[in-house]
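Remember, it's a predicted structure, so these values are computed and weren't measured experimentally. All chains are named by letter (A, B, ...) in the order of the sequence lines, taking the proteins before the strands, and each is independently numbered beginning at 1.
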Protein chains: 2
Amino acid sequence: MIRVMIAEDQGMMRDALALLLGMEDDIEVVAQTGDGEAILGVAREARPDIALLDVELPGRSGLDAVAELRRGGVAVLVLTTFARPGYLRRAMESGAAGFLVKDGPVEELAAAIRRVVAGERIVDPALAAAALTAGPSPLTGRERDVLAAALDGAAVADIAARLHLSESTVRNHLSAAIGKTRTRNRIEAAQLARDNGWL
Amino acid sequence: MIRVMIAEDQGMMRDALALLLGMEDDIEVVAQTGDGEAILGVAREARPDIALLDVELPGRSGLDAVAELRRGGVAVLVLTTFARPGYLRRAMESGAAGFLVKDGPVEELAAAIRRVVAGERIVDPALAAAALTAGPSPLTGRERDVLAAALDGAAVADIAARLHLSESTVRNHLSAAIGKTRTRNRIEAAQLARDNGWL
DNA sequence: GTTTTCCCATGACAAATGTCCTGGTTCCAC
DNA sequence: GTGGAACCAGGACATTTGTCATGGGAAAAC
């Protein structure tokens with residue numbers, strides 16, 4: 001019996017996946033949560049063989065929990081809406097055993113779970129190619145911070161205050177990020193970075 | 001037997017919903033599509049009693065299809081990830097019989113379908129309140145266009161070219177939109193408008 | 001037939017943004 | 001211990017953005 005836990009914030013999707021997986025003879029859903037913060041605690045409690053993690057979760061990204069779950073002997077299958085190369089890269093670097101996009105048919109899911117438990121690694125081939133061509137993030141830590149803060153339309157002064165920096169420094173980081181992403185302003189830069197999973 | 005069609009772009013969600021609804025004794029899933037353009041054609045073919053429509057679909061928003069389905073005698077239940085007041089408003093004004101957010105448990109879905117078929121209207125109370133307090137969109141048609149074009153970080157010159165306007169006109173529309181939304185720049189204005197479902 | 005609203009457009013101005021330069025610090029790698 | 005990279009900061013400058021005043025045309029409302 002394969003013990004599975006599910007971390008997914010959309011209630012309807014979470015329930016549906018749990019019900020469907022529960023119908024498989026060799027799979028048992030032992031825990032569910034919609035909260036990123038709760039993942040590790042729930043896993044410690046339920047001791048699953050494998051965890052199904054969404055990337056975008058309230059509280060804490062599923063990606064942040066991968067390494068720790070791995071250390072606890074739990075295999076991780078990352079499940080996401082967005083096919084972002086940087087997500088795949090981070091998931092794999094943290095030791096995830098598989099990366100699945102929610103676009104595919106449900107049958108893929110149970111199959112992927114079985115293959116992961118059997119020791120295989122699962123990756124969408126098209127996405128893997130994209131991750132390789134896009135390369136790793138060219139951004140430095142601070143550039144990342146500044147872009148993330150710029151994403152919602154904050155002015156330079158706001159960003160500076162939020163990060164405890166001078167306005168000059170913020171503008172320098174922004175300019176560098178715009179240059180590296182070959183975009184024309186902070187917004188394009190921030191959105192490109194987000195879409196590549198660099199934030 | 002209630003004949004249901006599903007328009008939803010996430011394959012896994014679509015399959016899962018179809019399977020779950022198919023397990024109900026009185027519900028039969030007669031058609032599925034992941035393409036907004038295809039909704040009307042599929043509905044004509046399958047002649048469902050009720051259509052489950054996602055808002056964000058490739059090709060065409062589910063909201064655009066509501067009025068026409070309604071005219072064809074098909075009840076519409078709008079199902080969306082995002083609880084945006086403007087979506088609810090538009091759905092209801094186009095004649096949708098219900099509006100459900102994907103956050104809730106799956107049991108809600110079958111129940112909502114039965115109630116809609118019985119002639120009731122289904123609305124999330126919290127969301128209805130938000131829609132009422134937020135009021136209708138204050139934006140004029142052109143302001144809407146300009147904000148939508150600004151959403152991805154385009155410069156004034158780009159927007160002007162895209163909409164065949166002068167740069168001055170674009171700046172005037174943007175300024176008006178910023179004023180109406182009580183935001184501080186085009187980005188905040190565009191994001192607020194998007195989050196309210198005004199685009 | 002007048003008022004209102006929306007649309008388009010200009011010009012002028014202040015403010016914010018993006019670029020480039022300089023120069024300082026720390027930390028790591030070779 | 002030297003070079004490189006990341007970090008912080010300031011100043012100067014051109015460009016872009018946002019605001020405001022003004023005015024004309026079209027359509028709908030009264």
Please evaluate residues A:L53 and A:L77 with respect to the criterion side chain to side chain contact (heavy atoms under 4.5 Å, CB included), reporting the C-alpha separation (whole Å), side-chain torsions for both, the decisive distance (0.1 Å), and the verdict. CA-CA 6 Å; A:L53 302 187; A:L77 185 56; over 6 Å; no
Pair A:T81-B:Q10, side chain to side chain contact (heavy atoms under 4.5 Å, CB included): steps then yes or no: CA-CA 8 Å; A:T81 310; B:Q10 273 194 304; 3.2 Å; yes
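Salt bridge present: B:R115 and B:E120 bring a charged side-chain N and a carboxylate O closer than 4.0 Å.
When the local axes at the two ends of the helix from C:dG1-D:dC30 to C:dC30-D:dG1 are compared, using 5 base pairs at each end, they differ in direction by 40° after rounding to 10°.
Judged by a 6.0 Å distance limit and a 45° cone about the ring axis, A:R84 is positioned over the six-membered ring of A:F82.
Within residues 189-199 of chain B, no residue places a heavy atom under 4.0 Å from DNA chain D.
Taking 4.5 Å as the limit, some side-chain heavy atom of B:L79 sits within range of a side-chain heavy atom of A:M12. Put simply, the side chain of B:I122 does not reach to within 4.5 Å of the side chain of B:F99, judged on heavy atoms. Taking the side chain as every heavy atom from C-beta outward, A:L100 and A:D124 never approach each other to under 4.5 Å.
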Assign a letter to each nucleotide of nucleotides 7-18 of chain D from its 5' end: B, base within under 4.0 Å of a protein heavy atom; S, sugar-phosphate only; -, no contact. SSBB-B----BB
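You can see that DNA chain C meets the heavy atoms of chain B within a 4.0 Å-exclusive cut from C:dC6 to C:dA12, reading 5' to 3'.
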Protein N or O to nucleotides 27-30 of chain D N or O, pairs below 3.5 Å:
none

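In this view, B:A110 and B:L21, B:E24, B:I27, B:R114 satisfy the side-chain contact (heavy atoms from CB on, under 4.5 Å) rule, not counting sequence neighbours. Every residue meeting the side-chain contact (heavy atoms from CB on, under 4.5 Å) condition with B:D15, not counting sequence neighbours, appears here in chain and number order: A:P105, A:V106, A:E107, B:Q32.
Applying the side-chain hydrogen bond (donor to acceptor under 3.5 Å, both in side chains) test to pairs two or more places apart or on separate chains, none has a residue in residues 189-199 of chain B. Within the structure, salt bridge (Lys or Arg N to Asp or Glu O under 4.0 Å) pairs that include any residue of residues 175-188 of chain B comprise A:D158-B:R184, B:E143-B:K180, B:R184-B:E188 (at least two apart or interchain). Residue pairs that meet the side-chain hydrogen bond (donor to acceptor under 3.5 Å, both in side chains) test with at least one member in residues 33-55 of chain A, sequence neighbours left out, are A:D54-A:K102.
The heavy-atom pair separating A:L151 from A:A190 by the smallest distance is CD1-CB, 3.4 Å.
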For residues 64-74 of chain B, which side-chain N or O atoms pair as donor and acceptor with protein atoms under 3.5 Å away, sequence neighbours left out?
residue: B:R70; atom: NE; partner: B:G95; partner atom: O; Å: 3.4
residue: B:R70; atom: NH1; partner: B:V74; partner atom: O; Å: 3.4

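B:L192 belongs to no hydrophobic cluster, as no Ile, Leu, Val, Met, Phe, Trp or Tyr side chain comes under 4.5 Å of its own.
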